[in-house]
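Just so it is clear, the structure is predicted and the values come from calculations on it, not from any experiment. Start at 1 and go down the list; that is how both ligands and their atoms are numbered.
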Amino acid sequence: MTRKHWRCYHGQMSRSTHSPSRRSLLQAALAAGAAPLFVRHALAADQPRFALGVASGFAQPDGIVLWTLVSGEGLPAQVAVDWEMAQDEAFTRVQARGREWAVPEDAYSVHAEAAGLAPDRWYWYRFTALGQRSPVGRTRTAPARGAEVDRLRFAIASCQRYDHGRYAAWADCARRELDFVFFLGDYIYENATPADRNPPRRHEGPRCELLSDYRRRHAQYKSDPHLQAAHAGAPWFLIWDDHDIENDWAGNVSERLTEHFERQRAAAAKAYWEHLPFPKSRRPDAWSMLINERYDWGALARIIAIDDRQWRDQQVCPKPGRGGGTTVSASICPEVFDPKRTMLGPAQEQWLAAQWDASKPWNLLAQQTLMAGLNWEPDKSKPPTIWTDGWDGYPEPRRRLLADLAARDLPNTVVLGGDVHANFVADLRVTPEGPIVATEFCGTSITSEGMRQSQLDQALPHNPQLHYGRSEERGYASFELTPGGLTAELRTVNEIWRDDSPVETAARFFVEAGRPGAQRA
Ligand code: FE
Ligand code: CA
C-alpha cells in the first residue's frame, strides 16, 4: 500500500463516526500505557492502524470470531494484537482477552477466536496494536443449543459493487440492531471500473488477478465507513458467489477460460478469508475454501449455508470461446436437462441432505442465487428460455434438492438468495402443479445495477411462481423470525449515490408457520 493510498484511507477515516481522530487515538494509546511504543515507532504511530475497522462473525453459543487487520506502512515482521471482549460498552466487565500475531503472509489480518462466552448475549470488543486502539465493535453469541427463542432479527444482503453506488443501505442496516447479517455473495467485484464510465467512485487498480489486486480491492471496500458500521454492529455469516473471485466462475472454469484459473481462484480465496471474520479453520487450503456449513439459532432455526460455485459443472451452451452464463432456449440446448449435471457437487449434495432438522420450526437455506425459475419464453408450449448461470441452468439438481425437501416434510423451509440484483419473493415447488415446498426470498443488491424493470415486467406475467420481482430496487432484506412466522421487510435505497439517502420499506411479506408461501403484509 503506497503512501498515496494511506492518505486516501485517512481521508475516509476522518469522516467515519467509528474512527477516532489521530489525536484521540494517541490519547487512548497513552491512557493504555503504550507511550514507549510511540517513542520507538514514532513513524508507525503516525498512521491509522485500524483503518479497515473491526468485524465479528460466525456466532456460536459459546464463541465468536473477532476480526481486524493492521493497516498502514512500515509494519514489522509480526505485530502483537491484543483483543478484549466485555459485557459492557465501557469495558468494565471484561469476559475474555487474548493476543494474536498479525503477519504479512496473511495481510496482517487477525482472526481471534473468543471462546467460553455465555450464550444469547451481547458483547463489545476492541483491539490494541502498536499503541493504537481500534474502534469498538458490538457482537453477540447464538442462543444455547435447544434453547427456546422468542425472536430472531437478521438481514440478508449481497452484491455491493463499489463503483455502482454508496452504502446508505449499510448505514440503515447498522441502525436496526439485528442479531446477525447473512451476506450471500459478491462482497467485492473483481472488475476494473470501465474507462468510458465516470461514476462518483471508482475501483482502484486493474481487474483483479493477483493476490495483491484482491487485497487492494478488499481494502478499498472496507474503507467505507457505512460498511464498517454494519460490521461493527452485529456478527456476520458469509458465503461467496462469483464476483468474490470472477464473474460466473464454475468450479475450475472461468468466464474468460483463463489458463491456470486455479491460481487466480486461490489468490481471491486467500484475500477473501483474510478480509472477513472467518475462523482460522476456514483458511483456504491451496485453492479450495470451505463455504458450506450449518448453524443453529437455539431451538428456533437451523441455518444451512451452501456453496453453488466451487463444485458445480460448467454452465451449458456458453458463447463461443467463453465460459459463464448466457440466456438460451432449452430447444437449442437440451443438455441443460442432463441428470448427471451438478450444482453443488455429489459430496455437498449428500452433506446437505443430512443437515435438515425436522425438530426445529424453521430451516433456512442460505445460498447464492435465485432458486425459483424465471422463464423468458412466454409461450408455454415451447421449452423454456433461461439464464444458464442460475438454478435454471441446473434444473435437475434443483429438482433433486426440492424433491428431497418435499419428502422430508419439514415444518417450514425458507430459501434465501442474492446474485440477480433484484428483489424476488417466490414459491418453490417440485413441479408447477405440486404443493409449495418452500418459500423463497431472493434479496436485491446493496448497490450493483440490475436489469431494466421494463424488461423484467415482460417475464413476470407468465412466471406466476414469482410474487414480486423488482430489479430497480437496491438495498437489503430485514427479517423477524418467531416460532409463529417470518416477517420480511424489503429495505430500499432512494438515491444510490447519496451517502445519507433515505432507506424505506418497499414491501412487507409474512410467512405463517405451517403455511408455505409468502403473503403480502
Ligand atoms: Fe452481484
Ligand atoms: Ca453474483
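- With rounding to the nearest 0.5 Å, the separation of CG in Leu481 from CG in Leu152 is 5.5 Å.
- Here the CD atom belonging to Glu105 is positioned 11.0 Å from the CG atom belonging to Leu211, to the nearest 0.5 angstrom.
- Using a distance-only test at 3.5 Å, with no hydrogens or angles considered, no donor-acceptor pair links the side chain of Gln348 to the main chain of Gln310.
- In this structure, the side chains of Thr447 and Cys159 stay at 4.5 Å or more apart for every pair of heavy atoms.
- The Fe ion (ligand 1) has an N, O or S atom of Asp186 under 2.8 Å away, backbone or side chain.
- Only protein N, O or S atoms were considered, and those under 3.0 Å from the Ca ion (ligand 2) are Asp186 OD2, Asp241 OD2, Asp242 OD1, Asp419 OD1.
- Glu473 and Thr444 share no donor-acceptor pair across their side chains, judged by distance under 3.5 Å alone.
- Between Tyr189 atom OH and Cys159 atom SG, the angle centred on the Fe ion (ligand 1) amounts to 100° (nearest 10°).
- Summary: NE2 is the N/O/S atom of His421 found nearest to the Fe ion (ligand 1).
- Because its NZ or CZ atom is not both nearer than 6.0 Å to the ring centre of Trp170 and within 45° of the ring axis, Lys222 does not count as a cation-pi partner of that residue.
- Look at His243 and the Fe ion (ligand 1): no N/O/S atom of the residue is under 2.8 Å from the metal.
- With rounding to the nearest 0.5 angstrom, the CD atom of Gln315 is 11.0 Å from the CH2 atom of Trp249.
- Not a single N, O or S atom of Ser158, from either the backbone or the side chain, sits less than 2.8 Å from the Fe ion (ligand 1).
- Without hydrogens or angle criteria, His164 side chain to Glu449 main chain gives a donor-acceptor distance under 3.5 Å.
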